[in-house]
Amino acid sequence: MKNRNILVTGGAGYIGSHTVILLIKSGYNIIIFDNFSNSSRESVKRVEKLVDTSITVVEGDIRKREDLQKVFISYKIDSVIHFAGLKAVGESVEKPLKYYDNNVYGTINLCQVMAEHDCKSIIFSSSATVYGDPKTTPIDESFSTSATNPYGKSKLFIEEILRDVYFSDTSWKIVLLRYFNPIGAHASGTIGEDPTGIPNNLMPFISQTAIGKRKYLSIFGNDYDTHDGTGVRDYIHVVDLAKGHVKALDKIHTFNKIMTINLGTGEGYSVLDVVKAFEKVTGKKVPYKIEARRAGDIATCYADPSYAKKVLDWKSEKTLEEMCADTWYWQSQNPNGYQSH
Ligand code: NAD
Ligand code: WQD
């Protein structure tokens, strides 16, 4: 079943680039489809170096039928791994239509072109954000869903659309992967997360502070109902996450229902836990100030990952310390991300 052509939308991005490495190593033929709106060709070049082979890259937009048509006409695509999307929560509140157009319309367009070419197998990047503010933790896949911002709603809408697609034609093979908080980088230090501008997420902010690009980390609230008052999340190494995709792809043709699967570690760490782990592993100081809560944040979010173990035979392996060490190696080797070279 290997040797299949896999279209990876958003394959030049953070999670996509790490996944492409493992897919190629597992024997899949990869076609990256990306409009480079939040990534660079440099990431693909570095992946090529790591896997020692050239990768087919198609520059295109999932919202453009003709861009997708070209790929599906040129290659017999077996399955799509669909990472392409915009992901900045704050920006989505400012520009909801941009997010619905890119994420929701783009996915509809993609599925239409797939169906025309009789490609009905897709793995979709969903998010733990669809659980809203969960009543209890750990969170399993049966929990109710909700979203408070357009980014989160775009993920919920797409999940619903894909469920309807499946119910209308059960020959579709659909896996919805709900990621918790991906951090870390490839152990080589050559690829990693490269946010544009001021990072929204905790780990890139910590690593940019440690390297001196930011003066201090603002910790958004220390009065949550958690062990030290700061927010608790389920941080997962991006390479573990990437492995989850390979497992899902290996099994996708055996599933006889639409699958919704958490990809998390099952461990919750607070902001201060992460800062301490980072400082311990790297020997770098991360100055911080406690500030007001960030609007929309919740106290605690971590996964029950047992369904992934059961159906994918997957579980995360890397520790928080390894996530910090790999993030730091990437950051220190590439202080300006992919622009360093
Ligand atoms: P990323 O921004 O690094 O990667 C997304 C890629 O998609 C980029 O290379 C971008 O250029 C491309 N892209 C965006 N819109 C496109 C379009 N219209 N046509 C073609 N390409 C397009 O983000 P990431 O962190 O790798 O996230 C990948 C996916 O996982 C996203 O869908 C994101 O919403 C989801 N996700 C991410 C996180 C996270 O914290 N990183 C958590 C949960 C879910
Ligand atoms: C983690 C913790 C913050 C930055 C977001 C999206 C979610 C998903 C993952 C895509 C929280 C605190 C953060 C900072 C801080 N993405 N923090 N100072 O909010 O759990 O999830 O990314 O799907 O949809 O909402 O991740 O990394 O932003 O925050 O104190 O400068 O760190 O309050 O407790 P979050 P995060």
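Indexing begins at 1, ligand by ligand and atom by atom, following the structure's order.
- Rounded to the nearest 0.5 Å, atoms NZ (K213) and CD (Q331) are 6.0 Å apart.
- Numbered from 1 in the order shown, with element, the atoms of ligand 2 that lie under 4.0 Å from a heavy atom of T129 read 24 (O).
- A donor and an acceptor atom, one from each side chain of T260 and E141, are nowhere located under 3.5 Å apart.
- Ranking the protein heavy atoms by distance from atom 26 (O) of ligand 1 puts I15 N, 2.8 Å first.
- Within the 4.0 Å heavy-atom criterion, the part of R233 lying near ligand 2 is the side chain and not the backbone.
- Counting only non-hydrogen atoms, the option in P195, S126, G16, G13 that gets closest to atom 44 (C) of ligand 1 is S126.
- Looking only at atom types and distance, the side chain of E42 has no donor-acceptor partner in the side chain of Q339 under 3.5 Å away.
- Among E59, H82, K87, the residue whose heavy atom lies closest to atom 23 (O) of ligand 1 is K87.
- Short contacts between ligand 1 and S125, defined as distances under 4.0 Å to a heavy atom of the residue, involve ligand atoms 29 (C), 30 (O), 32 (O), 35 (C).
- Evaluated for a side chain to side chain contact (heavy atoms under 4.5 Å, CB included) with V71, the options V113, T9, L7 yield exactly one hit, L7.
- W172 has its ring centre no less than 6.0 Å from the ring centre of F124.
- Against a heavy-atom cut-off of under 4.0 Å, G60 is close to the following atoms of ligand 1: 19 (N), 20 (C).
- Here R294 pairs with D297 in a salt bridge; the nearest charged N to carboxylate O distance falls below 4.0 Å.
- When the options F220, F180, F205, Y179 are ranked by their closest heavy atom to atom 4 (C) of ligand 2, first place goes to F220.
- Between atom 6 (C) of ligand 2 and the options V89, T148, T300, the minimum heavy-atom separation is to V89.
- Per-residue contacts place G10 under 4.0 angstrom from the following atoms of ligand 1 (heavy atoms of the residue considered): 6 (C), 7 (O), 12 (C).
- Distance check, rounded to the nearest 0.5 Å: CG of N35 to CG of D61 gives 4.5 Å.
- Residue-ligand proximity, G231 to ligand 2, at heavy-atom distances under 4.0 Å covers atoms 34 (O).
- Under the 4.5 Å side-chain criterion, counting only non-hydrogen atoms from C-beta, T56 is not in contact with I30.
- The cationic atom of R233 (NZ for Lys, CZ for Arg) does not lie both less than 6.0 Å from the six-membered ring centre of Y302 and within 45° of the ring axis.
- Within the set N38, D194, L86, L241, the minimum heavy-atom distance to atom 1 (P) of ligand 1 is found for N38.
- Of the protein's heavy atoms, D34 OD1, 2.7 Å lies nearest to atom 11 (O) of ligand 1.
- Nearest protein neighbour of atom 23 (O) of ligand 2, counting heavy atoms only, is Y151 OH, 2.5 Å.
- Those atoms of ligand 1 with a heavy atom of Y151 less than 4.0 angstrom away are 33 (C), 34 (O), 35 (C), 36 (N), 44 (C).
- In this model, a donor atom of one side chain and an acceptor atom of the other lie less than 3.5 Å apart for E91 and Y99.
- Figure legend: cation-pi geometry between K289 and Y216, with NZ or CZ positioned under 6.0 Å from the six-membered ring centre and within 45° of its axis.
- For Y166, the OH atom is densely surrounded, since the number of other residues' heavy atoms within 6.0 Å is greater than 12.
- Summary of contacts: the protein heavy atom closest to atom 27 (O) of ligand 2 is L202 N, 2.8 Å.
- Nearest protein heavy-atom neighbour of atom 29 (C) of ligand 1: F83 O, 3.2 Å.
- The pair E317-K309 does not meet the salt-bridge criterion, since no charged nitrogen lies less than 4.0 angstrom from a carboxylate oxygen.
- Of the protein's non-hydrogen atoms, D297 OD2, 2.5 Å is the one closest to atom 33 (O) of ligand 2.
- Per-residue contacts place F36 under 4.0 angstrom from the following atoms of ligand 1 (heavy atoms of the residue considered): 11 (O).
- For the 3.5 Å distance criterion, the side chains of N222 and T230 fail to qualify, holding no donor opposite an acceptor.
- Around NZ of K120, the count of heavy atoms belonging to other residues, nucleotides or ligands within 6.0 Å exceeds 12.
- Less than 4.0 angstrom separates some heavy atom of I62 from each of these atoms of ligand 1: 17 (C), 18 (N), 19 (N), 20 (C).
- For atom 18 (N) of ligand 2, the nearest non-hydrogen atom of the protein is S218 O, 2.7 Å.
- A side-chain N or O of R178 and one of Y131 form a donor-acceptor pair less than 3.5 Å apart.
- The shortest contact between atom 38 (C) of ligand 1 and any protein heavy atom is with P182 CG, 4.0 Å.
- Contacts of V232 with ligand 2, taken as heavy-atom pairs under 4.0 Å, are absent altogether.
- The closest approach between a heavy atom of Y269 and any atom of ligand 2 is not below 4.0 Å.
- Summary of contacts: the protein heavy atom closest to atom 5 (C) of ligand 2 is N201 ND2, 3.6 Å.
- Side chains of S79 and S121: a donor on one and an acceptor on the other come within 3.5 Å.
- Inspection of the N29 and N5 side chains reveals an N or O donor paired with an N or O acceptor under 3.5 Å.
- In this structure, the protein non-hydrogen atom closest to atom 8 (C) of ligand 2 is S127 OG, 4.0 Å.
- Looking only at protein heavy atoms, the nearest one to atom 13 (N) of ligand 1 is N35 OD1, 3.4 Å.
- Taking atom 18 (N) of ligand 1 as the reference point, the nearest protein heavy-atom neighbour is N102 OD1, 2.9 Å.
- Side-chain contact check for Y269 and N181: no donor-acceptor pair (N or O, by modelled atom type) lies under 3.5 Å.
- In this structure, atom 35 (P) of ligand 2 lies nearest to the protein heavy atom N181 ND2, 3.6 Å.
- Near N200, meaning under 4.0 Å from any of its heavy atoms, are these atoms of ligand 2: 4 (C), 28 (O).
- Close approach of ligand 1 to S39 is summarised as follows: ligand atoms under 4.0 Å from at least one heavy atom of the residue are 8 (C), 9 (O), 11 (O).
- Of the protein's heavy atoms, R294 NH2, 2.9 Å lies nearest to atom 19 (O) of ligand 2.
- Every atom of ligand 2 with a heavy atom of I219 under 4.0 Å away is listed here by number and element: 30 (O).
- Under a 4.0 Å criterion applied to the non-hydrogen atoms of S37, ligand 1 contributes the atoms 10 (C), 11 (O), 13 (N), 14 (C), 15 (N).
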